[in-house]
Undergrad: 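Input: one structure, supplied below.
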Number of protein chains: 2
Amino acid sequence: MSERRSGEGQPDKTLALLWRNHRHPMADESVDRKRGAGRRPSLNVDEVVQAGIQLADDQGLAAASMGGLAKELGVGTMTLYTYVPSKDELLDLMVDQVLGERELPGPGEPRPEDWREQVELYSRQTRAMFQRHLWLSQVSTIRPPVGPGMLAGREYLLSALLGLGLGALETNTAALAITTYVDSAASLEAESQLVERATGQSNDAWWYERNDLWETYFDVDRHPAMTTIWHADGYQSSTREAAADSYRYGLDRLLDGIENTAL
Amino acid sequence: MSERRSGEGQPDKTLALLWRNHRHPMADESVDRKRGAGRRPSLNVDEVVQAGIQLADDQGLAAASMGGLAKELGVGTMTLYTYVPSKDELLDLMVDQVLGERELPGPGEPRPEDWREQVELYSRQTRAMFQRHLWLSQVSTIRPPVGPGMLAGREYLLSALLGLGLGALETNTAALAITTYVDSAASLEAESQLVERATGQSNDAWWYERNDLWETYFDVDRHPAMTTIWHADGYQSSTREAAADSYRYGLDRLLDGIENTAL
DNA sequence: CAGAATTCTCGTAGGGTATACGAGAATTCG
DNA sequence: CGAATTCTCGTATACCCTACGAGAATTCTG
């Protein structure tokens, strides 16, 4: 993973960058430089962010280093620091950008009627996002970029749950529980593919390589439950399918539980 | 996050290291060198692993580099490679060690009667493990060390669910869903504290620093649900408490859902 | 008891990372 | 045409992992 994240420097500057393409009440020239004297920039923030995403998609997050990205853009490494204060900030911008790519209906836009269908949509879009951008799984979400993309996602999920009549605090709590589950599972799924790509070995092949375990080290007496499941064909052959099934199952059960408390 | 993990080299050698302290049917001297000619080792694997855990606990995973660990042990960096084939293998050993520290009753040992209480115990022990070893949150779990510690955890959880009479495949699926939820949440909790430690700033302070967001950029029309929750006091002041509540809530709902399908 | 065999020890070297600093180049304003 | 402004980017630093191979320590063999 990544080590430390997110600008400790000036939150104002960070927020201004995140919201750079949104008009807001106090719209001053905090980001848009008034074009006057001075050398003309050869790039702009959006180009840098987009190129960063592209590079991370194609070659992995590690390849999207400041040096690598600069080479891709045909400029010197330090030139990037004209557009972005640090690598961490750049990552924030990349993340909020792709968070905003999810196609989630905003307020007033048409959406599924059933609340579960609405949550389902959030789940699908989020998983698809992780699939498009596997590197997301390597980025910490503890202090997320507080930009338009992230807020749109939270807004959508909360609006889906509001209809349940759960009370403000419980609604928020439920939304958090759902995002924890969905985002974590989607992240694990993406990470799994990343590992397959990086090692050139499927996860199934990896497990198979460890067959020795069962023959040599596995002690049936110490593991009766696993043995029982095994003999009852409780293990799926495909790691991937097992993960997908367990995701489906867990989300359905979680929503069942939430629905029940709402009655 | 960490980049790539887990020995692609020889699974046999890896397994032998992981199970080094367990007697097994085919017990040969694959690990224990027959003590004969040759210089005496100044360390052993367990010491290296233990020192690695200690160092990662105290100074963070980054500080537990091969160089740093060697300095701590008073040997040259390359000396460590006598005991452990690579840094990734060492990490596997550290992880399985702490997985095994969880106090989960084995087969035949006394345990809570209620299955939910048993799952609860798994949850408590796992969260406590992450709290003792915050660096676990930075380690990928996609290809876990297939050692005694990991197997004991899976065995316990499966045994807790077997009593529900769910059928082998569904039991396994449910167990996977539970570990995904519990492990992910515990990992996020630990990561959160790690970030606080690394930045010297509490997460609450971090959010507070972004108060500008609400005044300057937040658009009420685009975020009616968030606004509603806000006005109904649906947001908790403490990030940490909010996370804990949502964890509790989500786990309870998940177990509710599982219980219902079992009827 | 000497040399051979074996095993552990560890310095060096190489290719990777983010970014502080400051000099130089390009552009426009007065 | 200078001065002011802004963008460009080479250099230098301090880390990371580990392949390689020479040297040190110990015991076995005769």
Side-chain angles (χ1 to χ4, degrees), chain A residues 1-9 29-45 47-48 52 55-56 59-94 135 138-139 198, chain B residues 1-9 29-45 47-48 52 55-56 59-92 94 135 138 198:
Chain A
M1 175 165 311
S2 31
E3 282 308 305
R4 58 202 53 161
R5 282 277 323 293
S6 215
E8 311 182 36
E29 358 40 36
S30 51
V31 171
D32 305 337
R33 304 232 146 276
K34 37 184 144 194
R35 283 257 45 85
R39 187 172 179 168
R40 287 298 170 70
S42 57
L43 299 168
N44 62 54
V45 179
E47 282 177 292
V48 174
L55 194 51
Q59 322 242 27
L61 193 56
S65 63
M66 295 305 267
L69 182 51
K71 190 158 292 176
E72 193 75 13
L73 287 167
V75 299
T77 305
M78 293 313 291
T79 300
L80 297 182
Y81 287 89
T82 311
Y83 301 95
V84 145
S86 74
K87 166 128 197 216
D88 284 349
E89 296 268 0
L90 171 57
L91 206 48
D92 273 352
L93 298 178
M94 289 164 58
W135 50 270
Q138 297 172 320
V139 178
Chain B
M1 248 83 29
S2 33
E3 282 308 307
R4 59 203 52 167
R5 280 279 320 294
S6 215
E8 311 183 35
E29 353 49 29
S30 50
V31 171
D32 303 336
R33 305 232 146 276
K34 35 184 147 196
R35 283 256 45 85
R39 185 172 180 167
R40 287 297 169 70
S42 56
L43 299 168
N44 62 53
V45 179
E47 283 177 292
V48 174
L55 193 50
Q59 321 241 29
L61 193 58
S65 64
M66 295 305 266
L69 182 52
K71 191 157 292 176
E72 193 75 11
L73 287 167
V75 301
T77 305
M78 294 312 293
T79 300
L80 297 182
Y81 288 88
T82 312
Y83 301 96
V84 145
S86 73
K87 164 125 198 215
D88 284 349
E89 296 269 359
L90 171 57
L91 205 48
D92 273 351
M94 289 165 57
W135 50 270
Q138 298 173 318

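Please read all numbers here as calculations on a predicted model, not as lab measurements. Just so we're on the same page: letters track the sequence lines, and every chain starts at 1.
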Undergrad: How long is the line joining CD of A:E47 and P of D:dC7, in whole Å?
TA: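 That distance rounds to 14 Å.
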Undergrad: In whole angstrom, what separates A:E89's CD from C:dT19's C1'?
TA: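 The distance from CD of A:E89 to C1' of C:dT19 comes to 14 Å, rounded to the nearest Å.
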Undergrad: Could you tell me how far apart A:L73 (CG) and D:dC7 (P) are, to the nearest whole angstrom?
TA: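 Rounded to whole Å, this separation is 16 Å.
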Undergrad: Just wondering, do A:L43 and A:T82 contact through their side chains at under 4.5 Å, heavy atoms?
TA: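 A:T82 vs A:L43: side chains apart.
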Undergrad: Rounded to whole angstroms, how far apart are CG on B:L43 and P on D:dA25?
TA: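 Atom-to-atom, B:L43 to D:dA25, this comes out as 16 Å.
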Undergrad: Which nucleotide wins on minimum distance to the side chain of A:K87, given the candidates C:dA18, D:dT5, C:dT9?
TA: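 When the side chain of A:K87 is considered, C:dA18 is the closest of C:dA18, D:dT5, C:dT9.
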Undergrad: Would you name the heavy atoms of B:Y81 and B:S86 that are closest together and state the gap between them?
TA: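 Distance-wise, the nearest heavy atoms are CE2-CA, 4.0 Å.
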Undergrad: Closest heavy-atom contact between B:S42 and B:E47?
TA: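 Scanning both residues completely, I find the closest heavy atoms to be O-OE1, 4.3 Å.
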Undergrad: Of B:G67 and A:G38, whose nearest nucleotide on DNA chain D comes first from the 5' end?
TA: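 Comparing both residues, the 5'-ward one is A:G38.
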Undergrad: Look at B:R40 and C:dT9 and indicate whether a side-chain polar atom (N or O) is within less than 4.0 Å of OP1 or OP2.
TA: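 For C:dT9, neither OP1 nor OP2 has a side-chain N or O of B:R40 closer than 4.0 Å.
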Undergrad: Given side chains that start at C-beta, do those of B:L80 and B:L90 come closer than 4.5 Å, heavy atoms only?
TA: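 Not in contact.
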Undergrad: What's the CE-P distance between A:M66 and C:dA20, to the nearest Å?
TA: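 So the two atoms are 10 Å apart, to the nearest Å.
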Undergrad: Testing the basics here: between B:W135 and B:L91, what is the closest heavy-atom pair and its distance to 0.1 Å?
TA: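 Nearest pair, atom of B:W135 first, then B:L91: CZ3-CD1, 4.5 Å.
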Undergrad: Does C:dA18 have OP1 or OP2 under 4.0 Å away from a side-chain N or O of A:Y81?
TA: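 Answer is no, no contact under 4.0 Å.
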Undergrad: If you take all heavy atoms of B:G52 and B:A64, which pair is closest and at what distance?
TA: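 Distance-wise, the nearest heavy atoms are O-CB, 4.2 Å.
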Undergrad: A:L61 CG to C:dA18 C1': how many Å, rounded?
TA: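 Distance, rounded to whole Å: 14 Å.
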Undergrad: Return the minimal non-hydrogen interatomic distance between B:T77 and B:A70, and the atom names on each side.
TA: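 What the structure gives for the nearest pair is CA-CB, 3.5 Å.
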Undergrad: Rounded to the Å, how far apart are A:L69 CG and C:dG16 P?
TA: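 These atoms are roughly 17 Å apart.
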Undergrad: What string of B, S and - do you get for nucleotides 9-15 of chain D, 5' to 3', if B is base contact, S is sugar-phosphate-only contact and - is no contact with any protein heavy atom under 4.0 Å?
TA: BB-----
